[in-house]
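Step one of this worksheet: look at the structure below.
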Amino acid sequence: MLQLFTYYRSVSAHRVRIALNYKAVPYNSVYIDEDIGEQHSETYLRHNPQGLVPALVVNDQLTITQSAAILEFLEEYYPERPLLPKDTFDRARVRSFCQVMVADMQPFNILRTYYYQRDVMGIDKQARRDWYEHWMHKGFEALESLLHKHLEPGAYCHGDKPTLADVCLVPQISNARQNDLDLSEYPTLRRIYRTCMSLSAFQSADPEAQQDRLDRAVAGR
Ligand SMILES: N[C@@H](CCC(=O)N[C@@H](CS)C(=O)NCC(=O)O)C(=O)O
């Protein structure tokens with residue numbers, strides 16, 4: 001069975017959980033507690049030398065790192081319940097929408113960047129927050145605009161079935177909500193988020209539904 005190294009708060013792992021659930025692919029979760037630095041442990045670095053979550057172990061020959069590569073693999077290997085549109089041009093549009101989050105927004109919003117700013121550069125809390133908000137808003141503004149200009153939003157980002165655009169959007173919004181980012185300027189993105197969250201594949205991938213989150217709550221952390 002597939003093995004997913006995941007962490008409940010990881011936006012990148014959240015994408016992969018949604019895709020696996022949507023395609024009804026069974027998998028085992030291995031929880032990496034990034035708050036205590038388990039992503040840097042020798043054991044985990046053997047799976048992903050970058051020390052980042054997620055990593056998907058397919059078998060003895062194949063471990064995939066990088067969420068976009070994992071999503072593309074899942075799409076090819078489990079073509080049932082496709083998450084990319086049929087039309088080549090539409091596929092390109094959906095992929096470019098995803099890259100705004102995967103490539104451009106992600107680095108502004110991860111622990112190693114946060115710790116470097118705080119511990120090496122000595123940037124204070126308010127300045128770090130302003131920096132985070134600035135780059136998240138840049139990203140969300142681009143997404144709201146791209147949605148109308150390049151995609152054809154229906155119930156979902158592109159049409160009336162979920163695509164990888166939704167798989168990437170939901171974790172990004174979920175993370176912004178956890179960080180109290182004001183999303184009032186992005187009405188279409190928020191509407192699509194709500195629609196996605198009515199689907200069980202998205203609900204069971206949510207950070208709040210993850211076993212490592214529940215274990216933490218029980219332990220009072
Ligand atoms: N480009 C990578 C980014 C992965 C990534 O940034 N993972 C974060 C969690 S969302 C992480 O593991 N951070 C640990 C750290 O910053 O130390 C992907 O898409 O998989």
Side-chain angles (χ1 to χ4, degrees), residues 2-22 27 29-58 62-77 83-84 94-121 123 128-129 131-132 135-136 138-140 142-143 163-179 181 202 205-213 216 221:
L2 298 182
Q3 201 179 41
L4 178 67
F5 286 89
T6 177
Y7 175 51
Y8 75 99
R9 282 203 291 137
S10 162
V11 172
S12 312
H14 190 174
R15 295 175 194 133
V16 175
R17 296 195 299 261
I18 296 171
L20 286 164
N21 294 348
Y22 186 76
Y27 68 98
S29 297
V30 182
Y31 301 106
I32 299 296
D33 187 342
E34 296 204 322
D35 284 332
I36 58 167
E38 281 181 355
Q39 70 273 32
H40 307 301
S41 71
E42 245 179 70
T43 322
Y44 185 62
L45 291 176
R46 277 202 286 275
H47 296 284
N48 185 354
Q50 267 195 298
L52 297 172
V53 162
L56 183 75
V57 181
V58 178
L62 181 64
T63 295
I64 317 173
T65 61
Q66 292 291 340
S67 60
I70 298 173
L71 295 176
E72 292 283 346
F73 167 81
L74 293 175
E75 188 63 8
E76 281 180 34
Y77 205 60
L83 281 164
L84 279 170
V94 164
R95 285 182 170 120
S96 82
F97 185 86
C98 292
Q99 285 307 309
V100 173
M101 295 168 270
V102 173
D104 296 344
M105 293 173 80
Q106 181 78 22
F108 291 109
N109 186 27
I110 59 173
L111 286 173
R112 62 180 181 172
T113 310
Y114 168 83
Y115 289 141
Y116 196 87
Q117 284 187 324
R118 190 189 64 183
D119 302 336
V120 180
M121 300 176 81
I123 297 177
R128 289 199 310 270
R129 176 71 194 184
W131 188 85
Y132 162 79
W135 291 113
M136 289 306 106
K138 278 268 179 223
F140 281 116
L143 291 171
T163 63
L164 290 183
D166 306 283
V167 166
C168 291
L169 179 65
V170 164
Q172 205 65 55
I173 296 219
S174 156
N175 180 268
R177 283 160 54 103
Q178 281 159 37
N179 287 310
L181 190 78
F202 286 80
D206 191 77
E208 292 302 311
Q210 302 314 297
Q211 191 58 50
D212 52 346
R213 169 73 187 105
R216 257 175 109 98
R221 288 175 63 205

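One-based numbering, in listed order, for ligands and for the atoms of each.
- Looking only at protein heavy atoms, the nearest one to atom 20 (O) of ligand 1 is S67 N, 2.8 Å.
- Shortest contact from atom 6 (O) of ligand 1 to any protein heavy atom: Q106 NE2, 3.2 Å.
- The environment of R118 atom CZ is dense: over 12 non-hydrogen atoms of other residues, nucleotides or ligands sit within 6.0 angstrom.
- For the side-chain contact (heavy atoms from CB on, under 4.5 Å) with L84, the qualifying choice from L71, T163, L164 is L164, the only one to do so.
- Using a cutoff of 4.0 Å between basic side-chain nitrogens and carboxylate oxygens, D33 and R216 are scored as salt-bridged.
- Close contacts of ligand 1 with V11, meaning ligand atoms under 4.0 Å from a residue heavy atom, involve 10 (S).
- Of the protein's non-hydrogen atoms, E34 OE2, 2.6 Å is the one closest to atom 12 (O) of ligand 1.
- For atom 17 (O) of ligand 1, the nearest non-hydrogen atom of the protein is Q39 NE2, 2.9 Å.
- By the 30° and 60° cut-offs, the orientation of the rings of H47 relative to F5 is tilted.
- The shortest N/O to N/O separation between V53 and ligand 1 falls below 3.5 Å.
- Remark: R221 does not engage D35 in a salt bridge, criterion side-chain N to carboxylate O under 4.0 Å.
- Remark: minimum distance from atom 16 (O) of ligand 1 to any protein heavy atom is reached at R112 N, 2.8 Å.
- Under 4.0 Å from ligand 1, not a single heavy atom of R9 appears.
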- Determine, step by step, whether T113 and Q117 satisfy the side chain to side chain donor-acceptor pair (under 3.5 Å) criterion, reporting the C-alpha distance in whole Å, the side-chain angles of both residues, the deciding distance to 0.1 Å, and the verdict. CA-CA 6 Å; T113 310; Q117 284 187 324; over 6 Å; no
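- With respect to atom 9 (C) of ligand 1, the closest heavy atom belonging to the protein is S10 OG, 3.4 Å.
- Contact atoms of ligand 1 toward L111: 15 (C), 16 (O) (distance under 4.0 Å to a heavy atom of the residue).
- With hydrogens left out, the protein atom closest to atom 1 (N) of ligand 1 is Q66 OE1, 2.6 Å, a heavy atom.
- Counting heavy atoms of neighbouring residues, nucleotides and ligands inside a 6.0 Å radius, atom OH of Y116 does not exceed 12 of them.
- Residue P54 has at least one heavy-atom neighbour below 4.0 Å for each of these atoms of ligand 1: 20 (O).
- No donor-acceptor pair closer than 3.5 Å links the side chain of Q39 to the backbone N or O of I32.
- Not a single donor-acceptor pair under 3.5 Å links the side chain of R15 to the backbone N or O of A68.
- Within ligand 1, counting atoms from 1 as listed, the ones closer than 4.0 Å to a heavy atom of R15 are 19 (O).
- The protein heavy-atom contact nearest to atom 3 (C) of ligand 1 is S12 OG, 3.8 Å.
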